[in-house]
Amino acid sequence: MNSKKISKKIYLEKIKLLEKCNKYYYQKQKPIVSDHEFDSLKEEIFNLESKYKYKDLKSPSVKVGFEPSKKFKKFKHRLKMLSLSNAFSKEDLINFQKKNINFLTFNKDYEFEYSVEPKIDGISASLNYKNGKFVKGLSRGDGEEGEDITANLKTIKDIPLKITYTDFPDEIDIRGEVFIENNDFKKIEKDFANPRNAASGSLRQKDPKKTELIPLKFIAYTFGFSSEMTIDKQSDFINNLNKWGFKTSELNKTIKGIDNLVKHHSDIEKKRFSLNYDIDGIVYKVNDFNLQKRLGFMATAPRWAVAHKFSANYSITKIIDIDIQVGRTGALTPVAKVKPVNIGGVMVSNATLHNEDEINRKDIRIGDTVKIERAGDVIPHVISVDKNQRNSNIKKFIFPKKCPCGYDTIKEFNKVTKKIDAVRRCPDIGFDCNRIAKEKLKHFVSKDALNIEGLGKKVIEKFWDLKFIKLPDDIFNLNFQTISKLEGWGSQSAENLKNSINKSKKLKLDRFIYSLGIRHIGQENAKLISEFLGDYSNFIKLKEKKNIEDLSNIDGIGETQISSLKNFFKNKLNLKVVSSLSEILTFEKNVVKKTEGVFFNKILMFTGKLNNISRAEAKSIVENNGGKIVSNVSKKLDYLVAGEKPTSRKIKMANDLKVKILNQKDFEKISKLGQ
Ligand code: IVH
């Protein structure tokens, strides 16, 4: 080969390597080279091009490809970017509305007016405007903290850089969706899995010029923090967005009545694929801002909105086998391994069978022909069995009575429903059962727990199989030298993992409590417990049974949670894990939700019925004004609010302990002061 041929070969090899780097970084989220190595590789390609006048179509000088961009600075969102709860059926919508009617103690026939908007399947962004100028744009990130992608957002023509209307708030975070239209996606589809990925890849380019080359659009639909604004309704806000120069969806409208929502949903679903951008459902928001304020937020989503996802797709396939999976809380979940089928563009090879009762009720057997449904991002499940197709020699499925770890399984008696649970469980509450222990590790590192980037489910499985990890604290003793030598790894990815593990060592107490995966202690309960306890030293005191009882003072923590915590702390291995972790981790001070308000630092309790206000709303008023609610009378109590027909024992105790008793009027008077 002559030297020219050799250099062409090298040039093409370098391009091939660059493509591989891109693939590992963007599609597998596992970089194989450092940023620096990546930049040098590109530089070498450019040099060869200018020297030999080469131009390959896949060259970074031609193709708008992917480029690593881990260098965006992170900023906290002034108001968290939350997600939406999902609804899949009319029944879910009726429930959503009923809950809100109860919360607001409205008449049961009350009809909310909803702002109805398409749920655009893109990437959300929050645009901060100060004095009409677009100053900073953040990605959603983990909802609390996003990446500064201002320069890239500025290349999107739909985003106004300057707004001169006098009624535009002095400071506001405008939120909306960045997406790519389908006809634009067609031009670049070979590079990306779907339009959403394309939008994400483009937005995360290090070089804004590359972002500009992929035509992104922006549709605005809500706001985060805002200074004084005199708008009363979401639909008016959308009209204003339009006036101020933002694009909004042409499908937005206001609707009253569940039947009308369902009709609209089905109309849009029919024309979904003729739209020029992807939508995966319809969002309904209580239109009145005043009601939105009263309804407030749950842990991860507002009470006043819901995303009605588009309905499921179906397919017929055959069950090849039934696997028993053991979850973090010991639940044995049967999973049907099915002959892979394409359902609405996604290949499905697993479908959940929920539990033993479900298998018996539907008489599902290995070898059966079944109808499978896949709705949105929910795990596919078996709807029905076609018994006409059943082979006569197919045997009934016998659900195993033992966990794969060897323990005999149990079915619990549910004190609330007064029925035996449908779920069969492994009784282990520590880390003895290998299956549970592995699931607990996955939970421990997950997004809402320690949030260790690069330590996903697959990596946990691999490290488990290699016996690198067994207990959560093992994660902090990994040998990165060994990891860097594993197949698919390298020194850069091992280094990245090390960094993200180190980063996770500082966390809030509520995340830690949640990360332990204690049954019935989800995010919301972990928050309540963490706020009540204040710091780790009080948390570890829960190893004394009597201190756990104290938690029953928390409004929202009941018998179920107390007994689960007792079980957890009873187990020696759990105690050992908690104590080792406490030596590795640093707990950030609990951010006191409100440092002001008429109930700041006050402890309140309610007894009896309140008029025109639900307990849930009363609780939210107290908390929004800096106070805390408990459910037992003690001398720590500042106010006992007595509604109609209060419990006389509680009134007597409060009197004995000289706790101030308020009636509903007094309570309302004080809380009005706080608004
Ligand atoms: S409102 C607190 N409106 O859906 C509620 N979100 O799961 C904030 N989305 O992250 C969201 N279209 O990316 C809202 N018309 C719309 C939306 C919308 C799409 C996305 C958004 C958000 C996710 C929530």
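As the structure lists them, so they are numbered: ligands from 1, and atoms in each ligand from 1. Numbers for residues simply follow the sequence, beginning at 1. Treat the numbers as computed from the prediction; the structure is a model and nothing was measured.
Counted by atom type alone, Asn131 and Asp170 present zero donor-acceptor pairs between their side chains at under 3.5 Å. Counted by atom type alone, Asn102 and Ser614 present zero donor-acceptor pairs between their side chains at under 3.5 Å. A donor-acceptor contact closer than 3.5 angstrom links the side chains of Ser115 and Glu117. With hydrogens and angles left out, the side-chain atoms of Tyr221 and Glu177 include a donor and acceptor closer than 3.5 Å.
Residues satisfying the ring pair (Phe, Tyr, Trp, His ring centres under 6.0 Å) test with Tyr110, not counting sequence neighbours, are Phe106, Phe112.
Of the charged side-chain nitrogens involved, none lies within less than 4.0 Å of a carboxylate oxygen, so that Arg272 and Asp280 do not count as a salt-bridged pair.
Sorted by chain and number, the residues within 4.0 Å of ligand 1 by heavy atom are Ser83, Leu84, Glu117, Pro118, Lys119, Ile120, Ser124, Arg140, Glu177, Tyr221, Val283, Lys285, Pro302.
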